[in-house]
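Here's the structure, in structure tokens; my notes come after.
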There are 2 protein chains.
Amino acid sequence: MSEARRHLDQAEALCRERGVRLTPQRRTVLRLICEAERPLSAYEILDRMHQGARRPAPPTVYRALDFLLQQGLIHKIESLHAFVGCKHPQHPHTGQFLVCTDCGRVNEIHGRPLEDGLQQAARQAGFHTRKPVVELLGTCAHCHGRDC
Amino acid sequence: MSEARRHLDQAEALCRERGVRLTPQRRTVLRLICEAERPLSAYEILDRMHQGARRPAPPTVYRALDFLLQQGLIHKIESLHAFVGCKHPQHPHTGQFLVCTDCGRVNEIHGRPLEDGLQQAARQAGFHTRKPVVELLGTCAHCHGRDC
DNA sequence: TCATAGTTGTTACATTATAACATTTCATCC
DNA sequence: GGATGAAATGTTATAATGTAACAACTATGA
Ligand SMILES: [Zn+2]
Ligand SMILES: [Zn+2]
Ligand SMILES: [Zn+2]
Ligand SMILES: [Zn+2]
């Protein structure tokens with residue numbers, strides 16, 4: 001079974017459990033994101049949604065993206081204005097990402113949501129973290145030394 | 001001496017050392033950013049630049065921002081599309097920020113550029129970090145408990 | 001069936017950012 | 001001082017990203 005297919009089936013099951021509706025539109029957006037090898041922007045998704053039919057208007061895709069974000073099925077990469085599938089959506093979480101600026105691929109790191117040093121600094125400042133944005137931009141193993 | 005004024009003087013000195021030109025336009029943009037209590041978007045800066053005269057076109061401010069970013073005099077908060085002054089521009093660095101989503105204020109954390117756990121995960125994946133984006137969104141000490 | 005909430009369609013617009021090329025200003029050399 | 005090239009700025013147009021507002025449709029249960 002393909003990686004993308006596994007994600008979709010898992011999403012289907014999660015939404016059923018939670019009593020929310022993974023409608024065909026939302027499923028299509030999730031599928032396009034999961035099939036892509038790199039993060040897709042909202043407008044790239046729009047371009048891939050209309051197979052023959054006319055291209056939907058932006059709110060269509062933004063609404064589907066909002067739903068998928070709320071359900072923790074995708075993450076937004078802020079520094080790219082683009083979206084990636086979450087590989088472990090069972091327990092919604094904020095992501096930490098390695099973003100390759102050469103090939104565009106993104107790798108989600110798992111582990112404690114924030115490393116202690118950072119979290120401590122925040123606490124000491126009396127700060128209450130709600131949504132950490134952690135995106136390490138650089139080059140991935142495949143792209144080292146390549147002149148791409 | 002005001003905080004903003006101190007930043008400007010320091011920027012002036014740094015640019016002289018480095019042989020780059022902190023022109024009046026660039027200085028104005030830096031001043032507006034330093035005087036603000038919260039990050040300013042490029043267009044907010046534009047709005048504040050024209051004192052009586054006509055408002056400059058976007059490239060004007062984006063070019064100044066590019067220069068100030070290159071010189072490490074300001075940082076961009078990716079998740080806000082906005083810019084803040086750097087309080088320690090002597091040694092250019094990437095920032096780590098506590099971003100209050102209530103009052104809008106931003107607090108730059110200093111310390112090791114990345115905590116060990118995170119950095120190790122990246123290295124293990126063969127990833128070479130060039131620009132970390134670390135922005136903790138939440139509520140600051142002042143805003144806790146307030147219904148703002 | 002009917003009422004209701006949730007979802008989608010549609011139009012228009014707001015915000016953020018850049019490409020391309022003309023013009024001006026600045027520093028340097030003669 | 002005047003020529004010259006590099007840097008900075010002006011200007012127009014447009015690309016890319018994101019949202020407000022309201023109408024229409026659809027699923028669902030009383
Ligand atoms: Zn995830
Ligand atoms: Zn790569
Ligand atoms: Zn800084
Ligand atoms: Zn606050």
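Quick note on labels: first sequence line is chain A, next is B, and so on, each numbered from 1.
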Under-4.0 Å salt bridge between [X] and [Y]:
X        : Y       : value
A:Glu44  : A:Arg38 : yes
B:Arg27  : B:Glu12 : yes
B:Arg31  : B:Glu35 : yes
A:Arg105 : A:Glu37 : yes

From the options [options], select the nucleotide whose nearest atom is closest to the side chain of [X].
X       : options                : answer
A:Ser41 : C:dT18, D:dT17, D:dT11 : D:dT17
B:His81 : C:dT11, C:dT16, C:dT8  : C:dT16
A:Ala57 : C:dT11, C:dT16, C:dT8  : C:dT11
A:Pro58 : D:dA7, C:dG9, D:dT19   : D:dT19
B:Gln25 : D:dT19, D:dG10, C:dT10 : D:dG10

Discussion item. Can you work out whether B:Arg21 or B:Arg54 has the more 5'-proximal nearest nucleotide on DNA chain D?
Written reply: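 Nearer the 5' end of the strand: B:Arg21.
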Return no unless some side-chain N or O of [X] is found under 4.0 Å from OP1 or OP2 of [N].
X       : N      : value
B:Thr60 : D:dG10 : yes
B:Lys76 : C:dA17 : yes
A:Arg26 : C:dT8  : yes

Measure from [atom1] on [X] to [atom2] on [N] and round the result to the nearest Å.
X       : N      : atom1 : atom2 : answer
A:Leu69 : D:dT17 : CG    : P     : 16 Å
A:Ile77 : D:dT17 : CD1   : P     : 15 Å
A:Asp66 : D:dT17 : CG    : P     : 16 Å
B:Leu80 : D:dT17 : CG    : P     : 18 Å
B:Leu22 : D:dT9  : CG    : C1'   : 15 Å
B:Arg27 : D:dT9  : CZ    : P     : 14 Å
A:Arg55 : C:dT11 : CZ    : C1'   : 15 Å
A:Leu40 : D:dG18 : CG    : P     : 13 Å

Discussion item. Base, sugar-phosphate or nothing for B:Pro59? Non-hydrogen atoms, less than 4.0 Å.
Written reply: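 Here B:Pro59 touches the bases of the nucleic acid.
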Item to complete: Using a heavy-atom cut-off of under 4.0 Å over every strand shown, decide if B:Arg63 touches base, sugar-phosphate, or nothing.
Response: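 Base contact - B:Arg63 has a heavy atom under 4.0 Å of at least one base atom.
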Worksheet item: For A:Tyr62 and D:dT19, are the ring centres under 5.5 Å apart with planes inclined under 30°?
Response: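 Aromatic stack with D:dT19 absent for A:Tyr62.
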Discussion item. Please determine whether the number of non-hydrogen atoms from other residues, nucleotides or ligands lying under 6.0 Å from atom CZ of A:Arg55 exceeds 12.
Written reply: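 Enclosed: over 12 neighbouring heavy atoms sit under 6.0 Å from CZ of A:Arg55.
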Worksheet entry | Aromatic plane relationship, B:His128 with A:His144 - under 30° parallel, 30 to 60° tilted, over 60° perpendicular |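 Perpendicular: the ring planes of A:His144 and B:His128 meet at over 60°.
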Worksheet item: Do B:Tyr43 and C:dA17 share a donor-acceptor pair, side chain to base, under 3.5 Å?
Response: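 Between C:dA17 and B:Tyr43, which were checked side chain against base, a qualifying N/O pair under 3.5 Å is present.
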